[in-house]
Amino acid sequence: MLNKKQIRFCLDKMAEMFPEAKGELNHSNPFELVIAVLLSAQCTDKLVNKVTEKLFKKYKTPEDYLAVSLEELQDDIKSIGLYRNKAKNIRKLCQVLVDKYEGEVPRTKEELMTLAGVGRKTANVVASIAFNEPAIAVDTHVERVSKRLGICRWKDSVMEVEETLMKKVPREEWSITHHRMIFFGRYHCKARNPNCPECPLLEICREGQKRMKTRG
DNA sequence: AACTCGGGGCA
DNA sequence: TGCCCAGAGTT
């Protein structure tokens, strides 16, 4: 397993490779972040950005989403996959925000996970990035990168990956860790065809060295 | 743990 | 054309 210093090295290199990965702070408020991350499930970030750009001009508050019909909301996000379920979840979620939280987004991941369409990953993103709560979001990219590099074990569950990262990454870096590893995983350490030969982390990457060796 | 939802992007 | 994608919910 990599130690704290090696993990710090990895995160610094990722930041150099993708300087645009400064956290999802382009969303001006927690509410928009919840909607954006909910919509992003099984979609690429570019497509989501294209939709939210228009969406957030029309809808500012939970009440705004509840003021239109389900069909109208579905139509507004129609270019995104799974749009029917996502539109329904947004309405349910907004109704709960209005009824239980006075129109505000709750801070803790436990409360966030009770919202429709918000699972463990989305809850952790919102909690850590919007509220700086103690959490690190682990999605498929973060999980794969963590396992390849040797930050955690191959057989670890998502929760175990989370725990390991929180144990070995300095607290002040938790909110940014997710986004750094996302970019690195999405554009460099890809699921299918990772670019090991040009990887600045090759010297300490368990999986990378294995792949370079078997390639010949 | 396996399955389903789903339109757009990309090879 | 076919395959994959910043997951969540159900069984």
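So that the names make sense, note that chain A is the first sequence line, chain B the second, and so on, each numbered from 1.
Rounded to the nearest 0.5 angstrom, A/Arg107 CZ and A/Asn132 CG are separated by 8.5 Å. With rounding to the nearest 0.5 angstrom, the CZ atom of A/Arg148 is 9.0 Å from the CZ atom of A/Phe184. To the nearest 0.5 angstrom, A/Glu207 atom CD is 10.5 Å from A/Gln209 atom CD.
Phosphate contact (OP1/OP2 of C/dA6, side-chain N/O of A/Thr122, threshold under 4.0 Å): absent. A close approach under 4.0 Å does not occur between any side-chain nitrogen or oxygen of A/Asn89 and OP1 or OP2 of C/dA8. Phosphate proximity of C/dC4 to A/Arg192: present, with a side-chain N or O under 4.0 Å from OP1 or OP2.
Salt bridge annotation for A/Asp76-A/Lys58: present, with a cationic side-chain nitrogen under 4.0 angstrom from a carboxylate oxygen. Between A/Glu111 and A/Lys100, no side-chain nitrogen of the basic residue sits less than 4.0 Å from a carboxylate oxygen of the acidic one, so the salt-bridge criterion is not met.
Here A/Asp45 lies in heavy-atom contact (under 4.0 Å) with a base.
Residues in residues 157-166 of chain A take part in these side chain to side chain donor-acceptor pair (under 3.5 Å) pairs, two or more places apart or across chains: A/Arg120-A/Glu162, A/Asn124-A/Glu162, A/Ser157-A/Glu160.
Here the nucleotide nearest the side chain of A/Thr140, chosen from C/dG7, B/dG7, C/dC5, is C/dG7. Residue A/Arg186 has its side chain nearest to C/dC5 when only B/dG7, C/dG7, C/dC5 are considered. Distance from the side chain of A/Ser40 is smallest for C/dA6 among the nucleotides C/dG7, B/dG8, C/dA6. Checking B/dG7, C/dA6, B/dC5 against every side-chain atom of A/Cys43, the shortest atom distance belongs to B/dG7.
Per the geometry, NZ belonging to A/Lys86 stands 11 Å off C1' belonging to B/dG8, to the nearest Å. Atom CG in A/Leu82 sits about 12 Å away from atom C1' in C/dG9, given to the nearest Å. The nearest whole Å value for the distance from the CZ atom in A/Arg180 to the P atom in C/dA6 is 20 Å. As rounded to whole Å, 17 Å separates atom C1' of C/dA8 from atom CZ of A/Arg84. When rounded to the nearest whole Å, the span between CG of A/Asp75 and P of B/dG7 equals 13 Å. Between the CD1 atom of A/Ile80 and the P atom of C/dC4 there is a distance of 21 Å, rounded to whole Å. One interatomic measurement links the two molecules: CD1 of A/Ile129 to C1' of C/dA6, which rounds to 10 Å at whole-angstrom precision. One interatomic measurement links the two molecules: CG of A/Leu93 to P of C/dG7, which rounds to 18 Å at whole-angstrom precision.
Nucleotides C/dC4 and B/dC3, compared at atom P, are 15 Å apart to the nearest Å. Comparing the C1' positions of B/dG7 and C/dT10 gives a spacing of 22 Å, expressed to the nearest Å. Rounded to whole Å, the separation between the C1' atoms of B/dG8 and C/dG9 comes to 23 Å. Between the C1' atoms of B/dA1 and C/dA6, the separation comes to 23 Å (whole Å).
Less than 4.0 Å separates DNA chain B from no heavy atom of any residue of residues 106-120 of chain A.
Counting non-hydrogen atoms of neighbouring residues, nucleotides and ligands closer than 6.0 angstrom, the CD atom of A/Glu104 reaches no more than 12 such neighbours.
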What pairs of nitrogen or oxygen atoms, one from the protein and one from nucleotides 9-11 of chain B, lie under 3.5 Å apart?
unit_1	atom_1	unit_2	atom_2	d
B/dG9	OP1	A/Lys50	NZ	3.0

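Under a 3.5 Å cut-off, the side chain of A/Gln6 and the backbone N or O of A/Asn3 do form a donor-acceptor pair. Without hydrogens or angle criteria, A/His178 side chain to A/Ala137 main chain gives a donor-acceptor distance under 3.5 Å.
Exactly one of A/Tyr101, A/Tyr65, A/Tyr59 qualifies for a ring pair (Phe, Tyr, Trp, His ring centres under 6.0 Å) with A/Phe31. That residue is A/Tyr65.
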